[in-house]
Peer 1: 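Please read through the structure below; I'll follow up with questions.
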Amino acid sequence: MSKVLVINPILYTAETNQIPRVESIKDTMIYAVCRGFLRAGHEVTLLAAQDYRPVCEERYDFPVLWFRTVCRKLFMPRCFPYMPDVRRYLKTHKEYDMIVTSEVFATWSYTAARVAPGKTVIWHELAAYNQMLHKIPAKFWYQLVARFLMRRARVVPRSEEAGAFIRQFMPRVEKEPIDHGVDLEKFPLPGSKMRDDRFVVVSQLIPRKRISHTLEAFQGFVKAGHEGYCLDVIGAGEEETSLRQLAKKLGLEGKVTFHGKLSHDRLLPIVAASRALLVSTEKDNNMVSIVESIALGTPVVTTSVPYNAAYIRREELGIVEDGWSAQTLERIVEENDRYAANCLAYRNSLSNVACAERFLALAK
């Protein structure tokens with residue numbers, strides 16, 4: 001049995017410095033990864049920023065430590081938090097066999113790489129310089145801090161793109177990426193039930209997600225003779241009102257349902273019953289919604305932007321096409337059984353237990 005410390009201060013995405021408060025963190029990607037270590041038979045502790053602590057008291061399956069952030073105007077908690085007590089904690093708690101941290105461009109990863117370089121594995125997602133302050137801090141960090149002061153730590157990319165990027169600066173980068181794991185106990189197999197004539201979007205309703213493009217493509221699909229199909233839009237954001245108006249303008253009233261933000265318990269059955277998850281994003285990294293869709297056996301129609309697109313294309317888990325259209329939706333419907341079967345065959349490789357075991361194999 002190994003003891004693993006996971007340092008992931010940012011538990012969910014905040015588009016502004018006003019971090020939204022949530023009732024639970026149990027639906028987050030990193031919580032599922034930690035459960036993977038636990039289910040693989042190891043002890044795990046999660047260290048997160050106090051700013052992401054839920055408003056409700058929760059009982060967790062493993063210890064969760066909440067650390068305060070400081071100098072918040074300079075080290076913004078939504079993207080680059082600084083928790084000075086991490087150094088003291090690592091120096092006084094040497095019982096961990098492995099320390100898994102998120103991102104090379106991160107104060108906590110720097111601390112772990114300096115205090116315990118032999119135990120530190122940095123799980124890296126970014127495949128480009130962070131845009132903050134015209135990329136100047138990120139360029140300084142990768143070119144100097146990472147290259148010279150963090151070089152003894154091992155790096156595991158989350159995608160092929162992330163691996164190609166970080167190899168420019170760090171010498172110990174693993175060849176095989178490890179994607180986000182999902183808790184398959186919460187993702188039941190669909191069985192023999194037929195899928196409904198519907199598509200689903202799971203996304204923040206913000207400009208870069210390009211939900212308007214999805215609505216326009218869906219309208220073209222409906223007008224091409226598929227009047228019986230519906231579209232479920234799950235998520236909230238600043239564009240919700242304008243998207244509702246667009247759906248009405250496109251004549252999609254009664255065919256598009258805006259559900260708002262849903263818990264996993266309510267969200268998963270909708271995704272599992274759909275023909276495909278639709279993704280039109282113009283800026284994203286690895287998307288957890290894509291991984292979860294595949295785990296449910298639901299194919300994905302996406303642009304080439306998400307890093308998941310590489311294995312969707314390779315394993316034929318859906319269709320990767322920039323500017324996809326109504327014709328793309330017709331293709332995903334025509335070959336839905338084949339794509340769904342490929343998703344189910346790929347499902348086990350995305351489990352949180354498989355993710356944990358791949359990390360632990362690095363220590364052998």
Side-chain angles (χ1 to χ4, degrees), residues 12-13 15 27 29 182 187 195-223 226 228-306 308-309 312 317-333 336 339-340 343:
Y12 49 87
T13 302
E15 292 296 323
D27 287 343
M29 175 276 297
V182 295
F187 291 75
R195 294 181 185 273
D196 298 334
D197 289 343
R198 63 197 320 116
F199 300 108
V200 64
V201 170
V202 180
S203 171
Q204 293 172 289
L205 307 186
I206 56 178
R208 67 180 172 86
K209 298 292 188 175
R210 298 179 68 235
I211 310 301
S212 59
H213 167 266
T214 299
L215 292 175
E216 290 163 357
F218 179 65
Q219 182 212 31
F221 175 78
V222 171
K223 290 179 69 175
H226 305 281
Y229 273 77
C230 298
L231 174 64
D232 293 289
V233 179
I234 301 171
E238 64 190 67
E239 285 203 314
E240 182 170 348
T241 299
S242 62
L243 290 171
R244 285 179 179 274
Q245 292 170 348
L246 176 61
K248 184 176 181 180
K249 179 182 177 181
L250 294 173
L252 296 175
E253 286 184 291
K255 296 189 179 300
V256 177
T257 303
F258 290 87
H259 294 270
K261 191 172 183 178
L262 299 180
S263 67
H264 263 62
D265 290 344
R266 297 175 61 195
L267 177 154
L268 296 182
I270 298 174
V271 177
S274 300
R275 297 279 184 169
L277 174 79
L278 308 183
V279 178
S280 298
T281 185
E282 63 182 15
K283 181 183 177 184
D284 261 297
N285 299 322
N286 289 51
M287 292 181 64
V288 177
S289 60
I290 287 178
V291 179
E292 294 179 341
S293 181
I294 295 169
L296 290 165
T298 299
V300 181
V301 173
T302 180
T303 63
S304 64
V305 171
N308 319 72
I312 292 173
L317 308 175
I319 299 175
V320 178
E321 187 177 297
D322 290 326
W324 56 263
S325 63
Q327 289 72 36
T328 314
L329 299 183
E330 291 181 339
R331 283 160 48 207
I332 200 73
V333 168
N336 203 251
Y339 287 124
C343 289

Peer 1: Sequence neighbours excluded, which residues qualify as side chain to side chain contact (heavy atoms under 4.5 Å, CB included) partners of Q219?
Peer 2: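 In terms of side chain to side chain contact (heavy atoms under 4.5 Å, CB included), with neighbours along the sequence ignored, Q219 is linked to K223, L250, L252.
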
Peer 1: Is there a side-chain contact between V202 and L277 in this structure, where contact means two heavy atoms from C-beta onward sitting under 4.5 Å apart?
Peer 2: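 Yes, side chains in contact.
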
Peer 1: Does a side-chain heavy-atom distance below 4.5 Å link I211 with S203?
Peer 2: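 Yes, their side chains come closer than 4.5 Å.
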
Peer 1: Under 4.5 Å between any side-chain heavy atoms of L215 and L231, yes or no?
Peer 2: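 Yes. Closest side-chain heavy atoms under 4.5 Å.
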
Peer 1: Taking salt bridge (Lys or Arg N to Asp or Glu O under 4.0 Å) as the definition, give me every residue that meets it alongside R210, ordered by chain and number, with sequence neighbours left out.
Peer 2: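 Partners of R210 by the salt bridge (Lys or Arg N to Asp or Glu O under 4.0 Å) criterion come out as none, since no residue qualifies.
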
Peer 1: In chain order, what residues pass the side chain to side chain contact (heavy atoms under 4.5 Å, CB included) check against A340, with sequence neighbours excluded?
Peer 2: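 Only R195, P299 meet the side chain to side chain contact (heavy atoms under 4.5 Å, CB included) criterion with A340.
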
Peer 1: Enumerate the salt bridge (Lys or Arg N to Asp or Glu O under 4.0 Å) contacts for residues 262-271, please, sequence neighbours excluded, ordered by first and then second residue.
Peer 2: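 Applying salt bridge (Lys or Arg N to Asp or Glu O under 4.0 Å) to every pair that reaches into residues 262-271, excluding sequence neighbours, yields nothing.
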
Peer 1: Quick one: are Y339 and I319 in side-chain contact, heavy atoms under 4.5 Å?
Peer 2: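 A side-chain contact under 4.5 Å exists here.
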
Peer 1: Could you tell me which non-hydrogen atom of I270 sits nearest to which non-hydrogen atom of V200, and how far apart they are?
Peer 2: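 Of all heavy-atom pairs spanning I270 and V200, the closest is CG2-CG2, 4.1 Å.
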
Peer 1: Would you indicate whether the side-chain heavy atoms of L329 and L278 approach each other to under 4.5 Å?
Peer 2: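 A side-chain contact exists here, since the closest heavy-atom pair is under 4.5 Å.
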
Peer 1: Could you go through residues 282-295 and list every donor-acceptor pair under 3.5 Å that involves a side-chain atom there, pairing it with any protein atom two or more places apart or in another chain?
Peer 2:
from	atom 1	to	atom 2	distance (Å)
D284	OD1	R208	NH1	3.3
D284	OD1	K209	NZ	3.2
D284	OD2	R208	NH1	3.4
D284	OD2	K209	NZ	2.8
D284	OD2	T281	OG1	2.6
N285	OD1	Y307	OH	3.3
N286	ND2	R158	O	3.1
N286	ND2	D179	OD1	2.8
E292	OE1	H264	NE2	3.4
E292	OE2	H264	NE2	2.8
S293	OG	T298	O	2.8

Peer 1: Counting only pairs under 3.5 Å, give me each side-chain donor-acceptor contact of residues 253-263, with atom names and distances, residues two or more places apart or in other chains.
Peer 2:
from	atom 1	to	atom 2	distance (Å)
K255	NZ	E227	O	2.3
H259	NE2	D232	OD1	2.7

Peer 1: Taking all atoms of both residues into account, what is the closest heavy-atom pair of P306 and V279, and its distance?
Peer 2: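 Minimum heavy-atom contact is CG-CG1, 4.3 Å.
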
Peer 1: Which distance, rounded to the nearest 0.5 Å, do you find between the CG of D197 and the SG of C230?
Peer 2: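 Answer for the CG-SG pair, D197 versus C230, is 8.5 Å.
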
Peer 1: What's the spacing between W324 CH2 and R331 CZ if we round to 0.5 Å?
Peer 2: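 CZ of R331 is found 12.0 Å from CH2 of W324.
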
Peer 1: How would you list, by chain and number, every residue that makes a side chain to side chain donor-acceptor pair (under 3.5 Å) with S242, sequence neighbours excluded?
Peer 2: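 Checked S242 against side chain to side chain donor-acceptor pair (under 3.5 Å); zero matches.
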
Peer 1: Can you list everything that forms a ring pair (Phe, Tyr, Trp, His ring centres under 6.0 Å) with F199? Sequence neighbours excluded, please.
Peer 2: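 F199: ring pair (Phe, Tyr, Trp, His ring centres under 6.0 Å) contacts with F221, Y229.
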
Peer 1: Would you compute the distance between atom CG of L205 and atom OG of S212 and round it to the nearest 0.5 angstrom?
Peer 2: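 Going from CG on L205 over to OG on S212, the span is 11.0 Å.
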
Peer 1: Heavy atoms only: give me the nearest L268-F187 pair and the separation to one decimal.
Peer 2: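 Result for this residue pair: CD2-CE2, 3.6 Å.
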
Peer 1: Please list, chain by chain and in numerical order, all residues satisfying side chain to side chain donor-acceptor pair (under 3.5 Å) with D322, sequence neighbours excluded.
Peer 2: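 Side chain to side chain donor-acceptor pair (under 3.5 Å) list for D322, sorted by chain: S304.
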
Peer 1: For T303, what residues pass the side chain to side chain donor-acceptor pair (under 3.5 Å) criterion, not counting sequence neighbours?
Peer 2: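 By the side chain to side chain donor-acceptor pair (under 3.5 Å) rule, T303 matches no residue at all.
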
Peer 1: Taking only residues two or more places apart in sequence or in another chain, which ones pass side chain to side chain contact (heavy atoms under 4.5 Å, CB included) with P207?
Peer 2: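 P207 satisfies side chain to side chain contact (heavy atoms under 4.5 Å, CB included) with E238, E239 once adjacent residues are dropped.
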
Peer 1: Just how far is it from atom CG of D27 to atom CG of L267, taken to the nearest 0.5 Å?
Peer 2: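 So the CG of D27 and the CG of L267 are separated by 8.5 Å.
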
Peer 1: In chain order, what residues pass the side chain to side chain donor-acceptor pair (under 3.5 Å) check against Q204, with sequence neighbours excluded?
Peer 2: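 In terms of side chain to side chain donor-acceptor pair (under 3.5 Å), with neighbours along the sequence ignored, Q204 is linked to no residue.
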
Peer 1: Between N336 (side chain) and R275 (backbone), is there a donor-acceptor pair under 3.5 Å?
Peer 2: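 Side chain of N336 to backbone of R275: a pair is present.
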
Peer 1: Looking only at heavy atoms, which two atoms of G318 and I332 are closest? And how far apart?
Peer 2: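 For G318 versus I332, the nearest heavy atoms are CA-CD1, 4.0 Å.
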
